[in-house]
Amino acid sequence: MADNTFHRTTHFIDGRLQQAHSTARIDVVNPASEEVFGSVVDGDDVDVDAAVHAARAASADWAATSPTERGDRLRALADAFEARSDEVSALVSRQNGTPIGLAKAMQTMVPANYRYFASLADDLRVEEQRTTMTGDAVIRREPVGVVGAIVPWNGPQPLTAWKIGPALAAGCTTVIKPAAETSLDSFVLAELFAEAGLPDGVANIVTGGRETGAALVRHPGVRKIAFTGSTAAGKAIAAQCASDLKHVTLELGGKSAGILLDDVDLQAFKPFVMSACTPNTGQTCRALTRILAPRERYDEIVDFIADTMKAIPLGDPDDPANFFGPLVNATQRDRVEAYLTLGVEEGARIVTGGGRPEGFDRGYYVEPTVFRDVRNDMRIAREEIFGPVVVVLPYDSVDEAVAIANDSDYGLGGGVFSPDVDKATDVARRIVSGTVGVNSASFPMDAPFGGVKNSGLGRELGPTALDAYLEYKTIFRGV
Ligand code: NAD
């Protein structure tokens, strides 16, 4: 079969589509219809090696371009992306089931991300002279080398931008390994690289699954891995990077707590049920899926969240009226359903949802579900479910709410909701996590993003985003 929009037999290496060495293929499935509508190559070691080779060959010239020139290429990439944004949104939604409205909103962020990283390139001081304790010195910030960017399926383009944006700005060359579920959109990105005037080999794309990712991680030509995905994969990658002494940043899973203070205004909280607790049908790493409610308002809050979730339109992700779609694949659907059964076995009670929605005989749909009478030692309160499932726990004091929030293996997100912003901010200060929103679900791209504990290592975004892609070099001089 020849290479086309939906059936790919190539990787993007050294500025062009190149026939893959691997003959293995991965089906691309529409999760709303269960229809196989495409396929991509399951790349092997030879494919990965060719991409890393191209990235290494392009390294020295790209590192030698001025940061402003690199910023200009990123700005051109942002412009090119903007022009194809709707096309990318449709392609992403068809592969991963993200409701089209959200898919479009997510693609709108991508050019903004590239422009932000371009501004960091403009500000990058490659060299500075310093007077040190032993004399004068030149301190240089040099790119780390070839970066492997490994991306999950839930936000493929923004999460790619969060990695290659700072990498390219810093002067690194890159090999991207998209998720097997969402690789077709990366071929649009490949076209945009050329349009933006990125030199051949600066950004390469190899498709495939876990083994392709693992081949990239262990390749000796790669100096840094930037990974977003599950904690289990993150730990395996960290172990390999430790043994090779490679740089690594890990953005992993979460089980973030949303604390509703006793004066919470539920009408004001209402939009956050979708935007903060269950965005992308709950398949979002920093979703606030553990809601902590003051005991005296517990019943009211449980019922309010359940009624709100029930009323959110669910269905065909192509229909802009829908905010819940299918889960990404059958495995994810089965996993979420297993947690629904487990929660009941653990003694929690389902207030709404708990099964498959009526009227959908196709597609990986699960009903938005709210559990009450949940204790923090239950697995449904401790483990990441990655579906439209919210658990609500009661607390008796703010100290107890903070203790429950922090009694978690994860620490990626968090939220505090109250009309008293100062009081809520004080509570937010006590949450052990990389990010906490106070009455907000809008994460700013010009602030650091990342997790603690099992949620990851290092930070993306923010003014220091380039640091993870730079090595310092000191040239100290005698007189
Ligand atoms: P996953 O870890 O299975 O896969 C993510 C990516 O890593 C894919 O490209 C996959 O092919 C690759 N991969 C998997 N195992 C690998 C290995 N051993 N070596 C190298 N590459 C490997 O995760 P997923 O199921 O695709 O995504 C869902 C998970 O990602 C959830 O746990 C979610 O919380 C997490 N996530 C985190 C963030 C964040 O910013 N923290 C964002 C989105 C998703």
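Only this structure's heavy atoms are used, side chains among them; waters, hydrogens and symmetry mates stay out. In each ligand, atom 1 is the first atom listed, and ligand 1 is the first ligand listed.
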N/O of W162 under 3.5 Å from N/O of ligand 1, yes or no?
no
For A179, take its heavy atoms, then give the atoms of ligand 1 lying under 4.0 Å from any of them.
9 (O)
Among all protein heavy atoms, pick the one closest to atom 28 (C) of ligand 1 and tell me residue, atom and distance.
F386 CE2, 3.6 Å
In terms of heavy-atom contacts, does CZ of R56 have more than 12 from other residues, nucleotides or ligands at under 6.0 Å?
no
Can you confirm, on distance only, whether ligand 1 has an N/O atom lying under 3.5 Å from any N/O atom belonging to W153?
yes
Look at R382 together with D407 and state whether they make a salt bridge at an N to O cut-off of under 4.0 Å.
yes
Does ligand 1 have any atom that is closer than 4.0 Å to a heavy atom of F449?
yes
Under 4.0 Å between a Lys/Arg side-chain N and an Asp/Glu carboxylate O for E471 and R223?
no
Classify the ring geometry of F12 against F193: parallel below 30°, tilted from 30° to 60°, perpendicular beyond 60°.
tilted
Set of residues satisfying side-chain contact (heavy atoms from CB on, under 4.5 Å) with respect to S33, sequence neighbours excluded
N30, E35
Tell me the nearest of V151, N454, T435 to atom 9 (O) of ligand 1, using heavy-atom distances.
V151
At a non-hydrogen distance cut-off of under 4.0 Å, which region of R286 contacts ligand 1 (side chain, backbone, both, or neither)?
neither
Nearest protein heavy atom to atom 3 (O) of ligand 1, by residue and atom, and its distance?
R210 NH2, 3.6 Å
Polar contacts were defined as any N/O atom of the residue lying under 3.5 Å from an N/O atom of the ligand; does this apply to T231 and ligand 1?
no
A232: heavy atom below 4.0 Å from ligand 1, yes or no?
no
Determine, for E337 against R356, whether the closest basic-nitrogen to carboxylate-oxygen distance falls under 4.0 angstrom.
yes
Is it true that R218 and D45 make a salt bridge, defined as a side-chain N closer than 4.0 Å to a carboxylate O?
yes
Of the choices G229, P156, A215, S183, which has the non-hydrogen atom that lies closest to atom 35 (C) of ligand 1?
G229
Using distance alone, determine whether G208 and ligand 1 share an N or O pair under 3.5 Å.
no
Distance from atom 43 (C) of ligand 1 to nearest protein heavy atom, with residue and atom:
N154 ND2, 3.0 Å
For residues 98-110, tabulate all N or O donor-acceptor pairs below 3.5 Å that involve a side-chain atom, not counting sequence neighbours.
from: T98; atom 1: OG1; to: N96; atom 2: OD1; distance (Å): 2.9
from: T98; atom 1: OG1; to: N96; atom 2: ND2; distance (Å): 3.2
from: T98; atom 1: OG1; to: N280; atom 2: OD1; distance (Å): 2.9
from: Q107; atom 1: NE2; to: A103; atom 2: O; distance (Å): 3.0
from: T108; atom 1: OG1; to: K104; atom 2: O; distance (Å): 2.6
from: T108; atom 1: OG1; to: A105; atom 2: O; distance (Å): 3.2

4.0 Å heavy-atom contact, G209 with ligand 1:
yes
Does an N or O from K177, backbone or side chain, lie closer than 3.5 Å to an N or O of ligand 1?
yes
